[in-house]
Amino acid sequence: MSIIRALFFLCVLHSVVTLQVSAQRSTKKASAWQTLSGNEPLVIARGGLSGLFPDSSFAAYDMAMRTSVPNVALWCDVQLTKDGIGICMPDLRLDNVTSIEFASPNTSSTYLVNGVSTEGWFSVDYDMDFLQKNIFLTRSIASRTERFDGNMYPVLAVEDVASQNKPSGFWLNVQHNSFFTQHNLSMRSYVLSVSKRVVVNYISSPEVGFLRGIAARFKTSKTKLVFRFLGAADTEPSTNQTYGSLLKNLTFIKMFASGILVPKSYIWPVTAGYLLPHTSVVLDAHKQGLEVYASDFANDATFSYNYSYNPLSEYLSFVDNGDFSVDGVLSDFPITASAAIGCFAHMNNSSSGQDNPTVISHKGASGMFPGCTDLAYNQAIADGANYIDCPVQMTKDGVPVCLRSINLLDGTDVAQSAFGSLSVIIPEIQENPGIFTFNLTWEEIKTLKPVISNPSFDYQLFRNPANKNAGSFVSLAEFLTLALSKPLSGVLINIEHAAYLADKQGLGITDSVIDILNKSGYKNETTQEVIIQSTNKAVLTVFKAQSRYKRMYMVDEDISFIDDSSIKDIKSFADSVAIGKESIFPSELLFLTGSTKVVPRLHSFNLSVYAYLFRNEFVSQAWDFFSDPIVEINSYVMGGEIDGVITDFPATAASYKKSRCLTGKTLPPYMMPAQPGQLLELVTAQYLPPAETPNPILTDANVSEPPLPPVSKQAVSNAPTPSKSNAYIGKTAGFYFSCFSMFSASLLLLIE
Ligand SMILES: *[C@@H]1O[C@H](CO)[C@@H](O)[C@H](O)[C@H]1NC(C)=O
Ligand SMILES: *[C@@H]1O[C@H](CO)[C@@H](O)[C@H](O)[C@H]1NC(C)=O
Ligand SMILES: *[C@@H]1O[C@H](CO)[C@@H](O)[C@H](O)[C@H]1NC(C)=O
Ligand SMILES: *[C@@H]1O[C@H](CO)[C@@H](O)[C@H](O)[C@H]1NC(C)=O
Ligand SMILES: *[C@@H]1O[C@H](CO)[C@@H](O)[C@H](O)[C@H]1NC(C)=O
Ligand SMILES: *[C@@H]1O[C@H](CO)[C@@H](O)[C@H](O)[C@H]1NC(C)=O
Ligand SMILES: *[C@@H]1O[C@H](CO)[C@@H](O)[C@H](O)[C@H]1NC(C)=O
Ligand SMILES: *[C@@H]1O[C@H](CO)[C@@H](O)[C@H](O)[C@H]1NC(C)=O
Ligand SMILES: *[C@@H]1O[C@H](CO)[C@@H](O)[C@H](O)[C@H]1NC(C)=O
Ligand SMILES: *[C@@H]1O[C@H](CO)[C@@H](O)[C@H](O)[C@H]1NC(C)=O
Ligand SMILES: *[C@@H]1O[C@H](CO)[C@@H](O)[C@H](O)[C@H]1NC(C)=O
Ligand SMILES: CC(=O)N[C@H]1CO[C@H](CO)[C@@H](O)[C@@H]1O
């Protein structure tokens, strides 16, 4: 069964290969690398692309080979079976990383591991034949997808990994030499014998004794021995010194190793989530002639706030910081490490890169600062946004201001303020109680503190707490003054709830915006463009009649199957549309199902298409993007053909445009767009996904909205309008819930 699955996998991915055969790394005139050798840093794939597929599985290694730099090294954690066969397995205990608990219930043992009594299912208790026939590899980190955990990927012998993938670098890590010695199995003999059968380029171990014991035998070979540092306070078993003290004794290490592998925190220490200045570890080791490899890179790991959840920034701080470069990075997501080294290190910071995609901020750089504050806008501009955006809200005294929401409970500390009691339910706006901008004057709102948004709160991914309440709110007039002094393509002004404000609050939001624009430097013709954005046709119709400003129709529903007459209608009042990412690449279970072609259809009507909403935090993405925000942007730009992105993190999209790999004739594999549907095919080979509710179809009826009512002096009515909610958070939360039930189902499947 598992062989059929493996073959199936090969078939599915074959189309990717044919696309990628011609792909090469872009040639670059980049400045020399500050590695020991001056060569580019090595990408080491820990158990393959183990961030997505089970660690050490055929699929993980295979995908690592397909999506990485050509000289990627495949990392295998070697464990020995009872009959002395070496297998690639990320843990000494099989229970955490395979299905053994179900294949062989009640057979756990308790052994001493580095002096600690440890219970589990150990490889030394089973013969290879039993393991290969009965158990399957599973993910080792619970938050990763369990969709590949079923019965697809059997245990692999070390030689299998080398012969199936033919990597240009093969790295064996021997984490537990003394444990196997206690069980009368010799890791030394195994390593010496296997390296006669397959090419082993690197052998690492955290045990001094093991490396010293094999050093003489590898002296004349090309195999590099690498000493692995564990926690600084942990004791190295053969010297009885802490790793921290061994770090001060690099001349000793150099006697038996040509390099060291250190946790990334040895190089860039982190305190309370913030990076401290880098240490001198890399420079010190290089002085001793030791190469330095850094471990623990994963796109879904806990990040220092300094990286703003962009894994690429982290790699760049290790390989392109002006002071040094590590000689290699050990990663669960080698595609991202490859892109960092192959495309983004040494990029030309003074160039703005290619034009596509246009970068539009979402409430300023709201990923870095509280949305719609002066700091969020200045950050967005500094980060390379082409347009900054102001969602206009009206105050009680009729001042148009930029605020994240008409409801001050979103984005301000109003609940804790003197105005905390002004909460009311206004069904025309939302079902839940809110404290609304039109109930407070601008002077009153200015006394509130801004609050940073935390859309991934449920996953404990917080945005920089140091900026939690940073910045000041700005009025529309101040926003325009700020923007006009900066090198922007223009501004985007979002207008919602115009009918309610006019009819029930006597506030003419469109007139106010036109008036402010009229008084600002943004006359009909300026060097900067004004885009009016709304989900409301009537608003855009007013602007079409009264101004020459550009108009963007914001579609807040799935328009995958929109009909031509609806598109024609949109074209009659707008020149561009903002659509949700799901309308372009729909997904199921957070796997992309395919491509809707809605973008080329909108393009055929001369409508530009902007996709929303892009965020760095990996929990907002489909698995197909490998938890990498640059892969996601690249896939929507190249595969989805969008014209622009609307993003909480303009820096990420702007840096994408500077990739050195976008200019060459051929794209390297790590810059290929995702192939929607391919991963899902793999998944459904094993699970039947729950039936999806059909997508709503946007017809003329949806777009034809009544014109705006006149501005009244009265303020009483209860006509309900549908409320809007944030689809993204709901979707991911729902996904995890359904994962959980599917997980139980997969266990049942295994037990059978
Ligand atoms: C494992 O142990 C449990 C509880 O002790 C028992 O109910 C079960 O039958 C055992 N399974 C096997 C296969 O021995
Ligand atoms: C495996 O073990 C690690 C460390 O003990 C733990 O963090 C992780 O959640 C475990 N994985 C699973 C799938 O249980
Ligand atoms: C290892 O071999 C020794 C000597 O032959 C024996 O006493 C010991 O029980 C063996 N240990 C294990 C775990 O098999
Ligand atoms: C290791 O060092 C500690 C203190 O540094 C000492 O107490 C212990 O006995 C030593 N163990 C061995 C095996 O040398
Ligand atoms: C370095 O470590 C070795 C082995 O533990 C020890 O013999 C030597 O004295 C140490 N040298 C220094 C300078 O600490
Ligand atoms: C990381 O961010 C903190 C807080 O903004 C800052 O103080 C620190 O200098 C930054 N670290 C580095 C290495 O830039
Ligand atoms: C570009 O900027 C990044 C981040 O500020 C920096 O790490 C890198 O060294 C710069 N590259 C060049 C070539 O100046
Ligand atoms: C960097 O980009 C700027 C602006 O496009 C250009 O003038 C400069 O020549 C580029 N530098 C390099 C080293 O390519
Ligand atoms: C905008 O200003 C022009 C004169 O510069 C004036 O003719 C026009 O009526 C104004 N429009 C609005 C809506 O205030
Ligand atoms: C801007 O241009 C439109 C269309 O040409 C015109 O109707 C409107 O009055 C102009 N507005 C201003 C403020 O000049
Ligand atoms: C789109 O614009 C181009 C040039 O501006 C024009 O030739 C073409 O007819 C337009 N297409 C539609 C469908 O409006
Ligand atoms: C204090 C205050 O002005 N509250 C008003 C807020 O707006 C609602 C809806 O118009 C009114 O009902 C409240 O009186």
Side-chain angles (χ1 to χ4, degrees), residues 26-33 95 99-110 119-121 125-126 130 134-135 320 322 343-356 384 386 393-399 401 403 405-409 412 414-415 417-445 447-448 487 489 496-509 654-664 709 711-721 723 747-748 750-752:
S26 75
T27 47
K28 53 198 156 291
K29 303 175 279 271
S31 55
W33 294 94
D95 36 312
S99 60
I100 191 140
E101 280 181 75
F102 309 102
S104 184
N106 306 354
T107 61
S108 66
S109 306
T110 301
E119 198 203 340
W121 278 252
D125 290 335
Y126 308 92
F130 173 82
N134 295 284
I135 75 169
D320 184 21
C343 307
F344 291 96
H346 307 144
M347 65 190 176
N348 185 351
N349 288 337
S350 46
S351 142
S352 56
Q354 69 171 34
D355 289 343
N356 252 8
N386 303 112
Q393 317 297 345
M394 296 301 290
T395 66
K396 191 177 185 172
D397 47 340
V399 182
V401 300
L403 284 168
S405 166
I406 194 169
N407 176 9
L408 292 165
L409 291 172
T412 80
V414 72
S417 75
F419 310 104
S421 59
L422 292 186
S423 169
V424 285
I425 295 178
I426 301 180
E428 295 95 319
I429 296 175
Q430 59 180 49
E431 288 155 26
N432 298 325
I435 299 174
F436 296 96
T437 57
F438 49 78
N439 266 175
L440 273 72
T441 64
W442 178 219
E443 283 309 314
E444 287 168 339
I445 289 173
T447 66
L448 303 176
S489 303
E496 301 298 344
H497 307 295
Y500 171 82
L501 291 171
D503 193 22
K504 303 298 180 327
Q505 298 294 335
L507 293 167
I509 186 169
S655 79
Y656 164 75
K657 301 203 282 188
K658 296 187 207 176
S659 164
R660 287 188 280 105
C661 299
L662 296 173
T663 48
V711 177
S712 80
K713 297 281 168 232
Q714 300 295 336
V716 209
S717 167
N718 283 317
T721 51
S723 72
L747 291 186
L748 284 173
L750 284 169
I751 293 161
E752 283 165 16

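Note that ligands are numbered from 1 as they come in the structure, with each ligand's atoms numbered from 1 the same way.
- For the pair Thr447 (side chain) and Glu444 (backbone), a donor-acceptor distance under 3.5 Å is present.
- Of all heavy-atom pairs spanning Ser351 and Gly353, the tightest one is OG-N, 2.9 Å.
- Among protein heavy atoms, the minimum distance from atom 6 (C) of ligand 8 is reached at Asn348 ND2, 4.0 Å.
- Atom 2 (O) of ligand 1 is flagged as protein-proximal [any protein heavy atom, distance under 4.0 Å].
- Panel note: side chain Ser99, backbone Phe102; no donor-acceptor pair is recorded below 3.5 Å.
- Nearest non-hydrogen protein atom to atom 13 (C) of ligand 1 is Pro105 CG, 4.1 Å.
- Near Leu422, the atoms of ligand 12 lying under 4.0 angstrom from a non-hydrogen atom of the residue are 1 (C).
- Compare Leu440, Thr441, Ile425, Asn439 by their heavy atoms: the one nearest to atom 8 (C) of ligand 12 is in Asn439.
- The minimum heavy-atom distance between Gln430 and Asn407, with the atom names listed, is NE2-ND2, 3.1 Å.
- Summary of contacts: the protein heavy atom closest to atom 14 (O) of ligand 1 is Asn106 ND2, 3.2 Å.
- A donor-acceptor pair shorter than 3.5 Å can be found between the side chains of Thr395 and Asp397.
- In terms of heavy-atom proximity, His497 sits nearest to Ile429 at CE1-CG2, 3.9 Å.
- Each of the following atoms of ligand 8 lies closer than 4.0 Å to a heavy atom of Ser351: 2 (O), 4 (C), 5 (O).
- Using a 4.0 Å threshold on non-hydrogen atoms, atom 11 (N) of ligand 1 counts as touching the protein.
- Close approach to Gln505 involves these atoms of ligand 12, each under 4.0 Å from a residue heavy atom: 9 (C), 10 (O).
- Ring to ring, Tyr500 and Phe438 are close: their centroids are under 6.0 angstrom apart.
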